Q: 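Before anything else, here's the structure in question.
Reminder, nothing fancy here: chain letters follow the sequence lines and each chain counts from 1. Since this is a predicted model, take the numbers as computed values, not measurements.
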Number of protein chains: 2
Amino acid sequence: MPAPSNAGTVVAAVPTSEGLRSSLHDRGQRLTPQRQRVLALFERIGEGTHLSAEEVHQRLLRAQERVSLATVYRTLRLLSSMGLLQELELPEGGRRFELAGDAHRDHHHMVCVGCGRTEEFESTAVLTAGEAAAGLHGFRLLDCVLTVRALCPRCAERS
Amino acid sequence: MPAPSNAGTVVAAVPTSEGLRSSLHDRGQRLTPQRQRVLALFERIGEGTHLSAEEVHQRLLRAQERVSLATVYRTLRLLSSMGLLQELELPEGGRRFELAGDAHRDHHHMVCVGCGRTEEFESTAVLTAGEAAAGLHGFRLLDCVLTVRALCPRCAERS
DNA sequence: TTCCGTGCAAATGGTTTGCAATCAT
DNA sequence: ATGATTGCAAACCATTTGCACGGAA
């Protein structure tokens, strides 16, 4: 299922520990090992993967990095509010998060309602449409997420 | 082209009691007053409005139509699986439902993350993009929902 | 030293489910 | 009559929160 889309030339605009530290300080908050661990996890796995809070917790445990589940939740919310992570609303599971990047204002999902298989794709047309709608109502666009519900070839066959 | 519906007589695109009855019978299920009431509520309010399970329950109570909350949940799931309702995933509140119609393959939402105000808009460009993506991966498109996260004029001002 | 952040456990709130009674067919 | 459906309440589960301790600044 690897979409070959994630071609090269990705200039890391992703905050590392130092960037994260100053961002937090600007808000009167602190850099903690837990926060570093959560962000580092997302950086490690790259932009393509969506994780639930539970999955983040499990992966950290597996990596010998102890972070309580409650803190995972708090940190996911924090990093999202800072714009470092993006929250997704996929039809299937509950809340999921992925690393935010500039590319993500224009990064969409197609989910098979039969088996849950998810493909990602990009489309500037969608972003353009979102901006048009925002302008029309005087809104300031933050990001737009298109979720295409569909049947994958295998599931389409069975129905 | 999902939901081919009734061939021949093109009367109501929206199944009324009779249509609902036969659809249910095809699945070995029954037409009950509760199911009629829930569907009728959505038909009454039209396509534009999204209701949570709790809101459906409240509205039915207000209309003197007693349906337990548990049954509301069961019925919403049932009607969605039949394609009569469409489940939305708006960032703000939990699950919401609205009447499904062909128009909804191209019917999108812009949500203010500050106050929850929601505007709807249409864009054929989005549907086109979704179809392109579906074709690319061999998927069969069911519908596509674009959620634009944004700040409404009022909330934008305060930040 | 100051308080922000963490871990734990308890609380929460939306959604689901077991079961006996009820109703559509 | 038969089995699907309902209502109720208890069960569930993901997420949030109160509180005391520990650690960044």
Q: Provide the closest heavy-atom pair for Thr118(B) versus His109(B) in the form atom of the first, atom of the second, distance.
A: CG2-ND1, 4.1 Å

Q: Rounded to the nearest angstrom, tell me the gap between atom CZ in Arg37(A) and atom P in dG5(C).
A: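 It works out to 16 Å between those atoms.
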
Q: Please determine, for the side chain of Tyr73(B), which listed nucleotide (dG14(C), dT17(C), dT15(D)) has the closest atom?
A: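 When the side chain of Tyr73(B) is considered, dG14(C) is the closest of dG14(C), dT17(C), dT15(D).
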
Q: Find the distance Leu79(A):CG to dG5(C):C1' and express it as a whole number of Å.
A: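 Leu79(A) atom CG is separated from dG5(C) atom C1' by 13 Å.
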
Q: dT6(C) P sits how many Å from Leu76(A) CG, rounded?
A: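 Interatomic distance, CG of Leu76(A) to P of dT6(C): 12 Å.
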
Q: Do the side chain of Arg117(A) and the main chain of Leu151(A) share a donor and acceptor less than 3.5 angstrom apart?
A: no

Q: Quick one, give me the B/S/- string for nucleotides 20-25 of chain C, reading 5' to 3', where B means a protein heavy atom under 4.0 Å from the base and S means that only happens at the primed atoms, P, OP1 or OP2.
A: ----BS

Q: Do His108(A) side-chain atoms and Thr147(A) backbone N/O form a donor-acceptor pair below 3.5 Å?
A: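 No, His108(A) side chain to Thr147(A) backbone: no donor-acceptor pair under 3.5 Å.
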
Q: What is the distance from CZ of Arg95(B) to P of dG13(C), rounded to the nearest Å?
A: 18 Å

Q: Between Thr71(A) (side chain only) and Val67(A) (backbone N and O only), is there a donor and an acceptor less than 3.5 Å apart?
A: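 No; judged by distance alone, with no hydrogens or angles, the pair does not exist.
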
Q: Arg74(B) near the nucleic acid: base, sugar-phosphate alone, or nothing, with a heavy-atom cut-off under 4.0 Å?
A: base

Q: Expressed as a whole number of angstroms, how long is the span from Leu39(A):CG to dG5(C):P?
A: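 Those two atoms, CG and P, are 16 Å apart.
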
Q: When you look at Arg96(B) and Glu55(B), which way does the salt bridge (Lys or Arg N to Asp or Glu O under 4.0 Å) test go after all the steps?
A: CA-CA 9 Å; Arg96(B) 289 193 132 63; Glu55(B) 287 166 349; 2.8 Å; yes

Q: For the hydrophobic clusters of this structure (ILVMFWY residues joined by side-chain heavy atoms under 4.5 Å, transitively), does one cluster hold both Leu61(B) and Tyr73(B)?
A: no

Q: Checking Glu87(B) against His50(B): is there a side-chain donor and acceptor pair closer than 3.5 Å?
A: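 On atom types as modelled, these side chains do not qualify, holding no pair under 3.5 Å.
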
Q: Does the Arg35(B) side chain pair with the main chain of Arg30(B), one donor and one acceptor, at a distance under 3.5 Å?
A: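 Confirmed, Arg35(B) side chain pairs with Arg30(B) backbone.
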
Q: Roughly how many Å is it from CZ in Arg27(A) to P in dA25(D), rounded to a whole number?
A: 15 Å

Q: Specify the separation, in whole Å, of atom CG of Leu51(B) and atom C1' of dG14(C).
A: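 After rounding, the gap between these two atoms is 16 Å.
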
Q: Is the count of non-hydrogen atoms from other residues, nucleotides or ligands lying under 6.0 Å from Arg44(B) atom CZ greater than 12?
A: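 Yes, the 6.0 Å shell around CZ holds more than 12 heavy atoms from other groups.
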
Q: How many Å lie between CG on Leu78(A) and P on dG5(C), as a whole number?
A: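 Atom-to-atom, Leu78(A) to dG5(C), this comes out as 8 Å.
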
Q: Among residues 55-72 of chain A, which residues get a heavy atom nearer than 4.0 Å to DNA chain D?
A: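 DNA chain D contact set from residues 55-72 of chain A: Ala70(A).
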
